[in-house]
Engineer: 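Sharing a structure, written as structure tokens. Questions coming.
Atom set for the values below is all heavy atoms of this structure, side chains included, hydrogens, waters and symmetry mates excluded.
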Amino acid sequence: AQSVAQPEDQVNVAEGNPLTVKCTYSVSGNPYLFWYVQYPNRGLQFLLKYITGDNLVKGSYGFEAEFNKSQTSFHLKKPSALVSDSALYFCAVRSNQAGTALIFGKGTTLSVSS
Amino acid sequence: GAVVSQHPSRVICKSGTSVKIECRSLDFQATTMFWYRQFPKKSLMLMATSNEGSKATYEQGVEKDKFLINHASLTLSTLTVTSAHPEDSSFYICSADSGRALNEQFFGPGTRLTVL
């Protein structure tokens, strides 16, 4: 069975500091990994994905994530946080079979203070 | 990118009534659509997988007679919450998979259901 763990309910950082939102996964076979962001009362916005290739993936709004197969992790990072980055972040995984659903982590609330 | 719409975006209904939520892929054909439910500040829980022209596959614990899913065409799936109760109040989000790109699903903006 596939699963995703986001160990932190909330991450607090000061504006301008680097941020990391953690994610570990469990899936059979090669995983497809995703990060989404959700603002209050809004749908999901796609940030980035890892399918294959370079372990460091760059996405929208200056975010990046590093795929680490040995640690089964896919942490989301940004070198310099903005107050506007404050939102709910979801890590998700799916298998490489067509027509399979995304399985989401519980979400991590990022709060960036000015 | 591909666009998925949901209608209505917000609905308030009385307990005991039924509510239909539509999910449409606007510029691609979706062989598979998924319905998720999200409680406030919580994760998205997969409710069911819907394939065009066939019965939906429901996740364990989801009542198929309460949450009716129809995927009659390659661009439309509907979720009907039958005999709604206050505990059905939630944010419902659909996503669509074209089957061509195996690495991304496209999400609708969500529907906020409030049952009084």
Engineer: Using heavy-atom distances under 4.5 Å, tell me whether A/T100 contacts chain B through its side chain, its backbone, both, or neither.
Structural biologist: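 Backbone of A/T100 only, per the 4.5 Å heavy-atom cut-off to chain B.
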
Engineer: Can you list everything that forms a salt bridge (Lys or Arg N to Asp or Glu O under 4.0 Å) with B/K55? Sequence neighbours excluded, please.
Structural biologist: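 By the salt bridge (Lys or Arg N to Asp or Glu O under 4.0 Å) rule, B/K55 matches no residue at all.
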
Engineer: Examine whether an atom of A/Q38 lies under 4.5 Å from a heavy atom of chain B, and if so say whether it belongs to the side chain, the backbone or both; otherwise answer neither.
Structural biologist: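 Side chain only.
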
Engineer: Is it the case that B/H71 and B/S50 place a side-chain donor and acceptor less than 3.5 Å from each other?
Structural biologist: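 Side chains of B/H71 and B/S50: pair found under 3.5 Å.
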
Engineer: For the CG atom of A/L88 and the OH atom of A/Y39, what is their distance to the nearest 0.5 Å?
Structural biologist: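 Separation between the atoms: 11.0 Å.
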
Engineer: Based on non-hydrogen pairs under 4.5 Å, which of A/A92, A/P40, A/G107, A/G105 is most in contact with chain B?
Structural biologist: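 Result: the option with the highest number of such pairs is A/G105.
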
Engineer: Is A/Y36 close to chain B through its backbone or its side chain, or both, or neither, when contacts mean heavy atoms under 4.5 Å?
Structural biologist: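 For A/Y36, the contact with chain B is made by the side chain alone.
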
Engineer: For B/V81, which fellow cluster members are found when Ile, Leu, Val, Met, Phe, Trp and Tyr are connected by side-chain heavy-atom distances below 4.5 angstrom, either directly or through intermediates?
Structural biologist: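 Hydrophobic cluster check, B/V81: joined to B/V11, B/V19, B/I21, B/W35, B/M47, B/Y58, B/V62, B/F67, B/I69, B/L79, B/Y92, B/L113, B/V115.
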
Engineer: Checking heavy atoms, do the side chain of B/Q6, its backbone, both or neither come under 4.5 Å from chain A?
Structural biologist: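 Neither part, no heavy atoms under 4.5 Å.
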
Engineer: Given heavy-atom pairs under 4.5 angstrom as the criterion, report whether the side chain, backbone, both or neither of B/I93 touches chain A.
Structural biologist: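 Side chain of B/I93 only, per the 4.5 Å heavy-atom cut-off to chain A.
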
Engineer: Check each atom of B/T31 against the heavy atoms of chain A and say whether the ones under 4.5 Å are side chain, backbone, both or neither.
Structural biologist: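 Nothing of B/T31, per the 4.5 Å heavy-atom cut-off to chain A.
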
Engineer: Any idea how B/F107 and B/Y36 line up, ring-wise: parallel (<30°), tilted (30 to 60°), or perpendicular (>60°)?
Structural biologist: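 Judged by the thresholds at 30° and 60°, the geometry between B/F107 and B/Y36 is tilted.
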
Engineer: Side chains of B/T32 and B/N51 only: does a donor on one sit below 3.5 Å from an acceptor on the other?
Structural biologist: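 Side chains of B/T32 and B/N51: pair found under 3.5 Å.
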
